[in-house]
Amino acid sequence: MSKLKLFSAIILLMVLACGGCANQNRHYYMGEYSSTLYACRKNPTPEEQAKHVQELQNIIAKSEQRNLRVPPGIYAELGYIHLKAGEMAEARNYFEAENRLYPESKVFTTNLLAWAEDTLGKPKEKEAPAVKGVITPVDAIVENPGLRAGEGVVYE
Amino acid sequence: MNRWPNILVMFIALAILGGCARQATKAELFPLMYEQKPRSIVILPPINESTAADAPTYYSTTVQEPLVYTGFYVLPYEISTDILHNEGITDGEQLYDMPLNMFKEYFGADAVLFTRIKKWDTAYLVIASTLTVEVECELKSSISGEKLWNYSGTVVIDLSGGSYGGDPLSLIVKVVATAVSTAVADYVPYARQANYMALSAMPYGPYHPKYEKDAGEKIFIQDSHKKK
């Protein structure tokens with residue numbers, strides 16, 4: 001009996017501890033990042049990939065809209081997708097955006113570009129639009145009603 | 001002879017009490033985090049100790065987001081795993097006892113996060129079933145190789161739901177309902193919760209508003225912190 005009580009007290013404490021920290025951690029907007037990524041793993045189709053890319057751009061747009069720093073890795077991930085497609089100039093733009101926000105990213109984006117240039121045999125550069133131009137326009141972003149607690153919604 | 005069971009129960013109760021109720025500050029438990037001040041983290045492919053072969057694939061999609069929220073620069077998992085994969089590394093275990101300097105050199109990461117999936121399973125009982133996700137996270141310095149931080153999170157979910165009642169027919173309905181909800185049970189939301197639990201014990205990183213202000217925050221001491 002007392003063991004049961006103790007056990008439930010512990011569970012309660014754990015829930016409280018978990019709930020307490022989840023609320024103060026919302027200094028980024030991550031949207032549906034984890035969900036679209038999970039969908040890509042579960043069902044690796046071009047459609048799911050496209051949805052994930054769209055979500056990355058949505059995160060950038062929403063973060064700017066809400067005056068939040070774009071979360072680590074979002075620009076870099078978009079850059080990497082362009083890099084794999086051989087679009088070096090776009091990749092470089094996104095990596096530079098990542099570097100500006102997070103100087104910690106400089107080493108690996110520099111290395112990635114170097115590796116890609118080696119393996120892709122230095123494809124010719126073409127003029128890329130500035131990073132901002134690639135982002136989904138704000139008016140095209142639909143409010144996402146599917147967001148659940150603990151998935152990174154920012155409420156002021 | 002008769003006293004043994006009582007002693008055993010007491011011992012278990014003490015173990016539970018000792019394991020969960022004692023607290024310490026983040027700085028007391030993880031002094032190296034405050035001394036070395038890592039800024040950037042690379043997440044390694046999970047180490048799978050569960051019986052589910054597909055657990056790492058799905059679990060790995062749940063780590064980056066909560067880790068980002070702790071305030072560190074997190075290298076995008078999609079990129080770092082690709083690179084590691086090309087080097088033949090698909091499982092964090094391969095690197096666990098290795099020098100980690102290459103992560104500093106090539107990735108610019110100050111620390112490396114190992115994740116271990118301890119449990120990822122569903123226990124089938126006659127009228128109930130539970131889903132358990134247990135993960136253990138460990139941060140090691142890529143410069144010194146020292147363990148900077150570790151914590152685990154466990155989520156147990158009762159999948160059966162509903163009331164029992166005395167009607168034998170309702171029992172059958174319940175068994176069927178349990179089987180159905182077990183078949184469609186999705187581990188990922190619970191894996192996210194387990195990660196949030198574990199990572200709530202991590203000292204905040206440089207991009208968190210409470211960076212360097214959380215040394216006195218109290219957290220529960222877990223078994224892995226006592227063994228040393």
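For clarity, every value in this text was computed on a predicted model and none was experimentally measured.
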Angle class for the Phe108(A)/Phe107(B) ring planes (parallel below 30°, perpendicular above 60°, tilted otherwise)? parallel
Looking only at non-hydrogen atoms, find the nearest pair between Ala76(A) and Pro76(B) and report the distance. CB-CG, 3.7 Å
Checking side chain to side chain contact (heavy atoms under 4.5 Å, CB included) for the pair Ile83(B)/Asn111(A): CA distance, chi angles, key distance, verdict? CA-CA 11 Å; Ile83(B) 298 168; Asn111(A) 281 333; over 6 Å; no
Can you tell which part of Ile81(A) gets under 4.5 Å to a heavy atom of chain B, answering side chain, backbone, both or neither? neither
Could you tell me the separation between the CD1 atom of Ile79(B) and the CG atom of Leu83(A), rounded to the nearest 0.5 Å? 8.5 Å
With under 30° as parallel and over 60° as perpendicular, where do the rings of Tyr207(B) and Tyr102(A) fit, or are they tilted in between? perpendicular
Closest approach of Val68(B) and Met30(A), non-hydrogen atoms and distance? CG1-SD, 4.2 Å
At a 4.5 Å cut-off on heavy atoms, which part of Val188(B) comes close to chain A: side chain, backbone, both, or neither? side chain
Ring geometry between Trp115(A) and Tyr106(B) (parallel below 30°, tilted from 30 to 60°, perpendicular above 60°): tilted
Find the one option among Asp110(B), Val156(B), Asp82(B), Ile219(B) whose heavy-atom pairs under 4.5 Å with chain A are most numerous. Asp82(B)
Hey, is NZ on Lys26(B) packed in by over 12 heavy atoms from elsewhere, all under 6.0 Å? yes
Does Tyr58(B) offer a backbone N or O that forms a donor-acceptor pair with the side chain of Arg41(A) under 3.5 Å? no
Stepwise side chain to side chain contact (heavy atoms under 4.5 Å, CB included) check, Glu77(A) with Tyr77(B): CA-CA 9 Å; Glu77(A) 207 174 312; Tyr77(B) 184 78; over 6 Å; no
Determine the option with the most heavy-atom pairs under 4.5 angstrom with chain B, choosing from Glu98(A), Glu104(A), Arg69(A), Lys42(A). Glu104(A)
Just jot down the side chain to side chain donor-acceptor pair (under 3.5 Å) partners of Asn99(A), sequence neighbours excluded, or say none. Ser105(A), Thr109(A)
Taken to the nearest 0.5 Å, the spacing of Glu65(B) CD from Ser35(A) OG works out to 7.5 Å
For the atom pair CG (Leu37(A)) and OG (Ser60(B)), what is the distance rounded to the nearest 0.5 Å? 7.5 Å
Is the ring pair Tyr28(A)/Tyr69(B) parallel, tilted or perpendicular, if the boundaries are 30 and 60 degrees? tilted
I'd like to check Tyr73(B) versus Leu101(A) (side-chain heavy atoms, cut-off strictly below 4.5 Å). Are they in contact? no
Is there a salt bridge (charged side-chain N to carboxylate O under 4.0 Å, His left out) between Glu78(B) and Lys84(A) once you walk through the steps? CA-CA 12 Å; Glu78(B) 291 296 289; Lys84(A) 283 199 287 191; over 6 Å; no
Can you confirm whether more than 12 heavy atoms, excluding those of Lys104(B), are under 6.0 Å from its NZ atom? yes
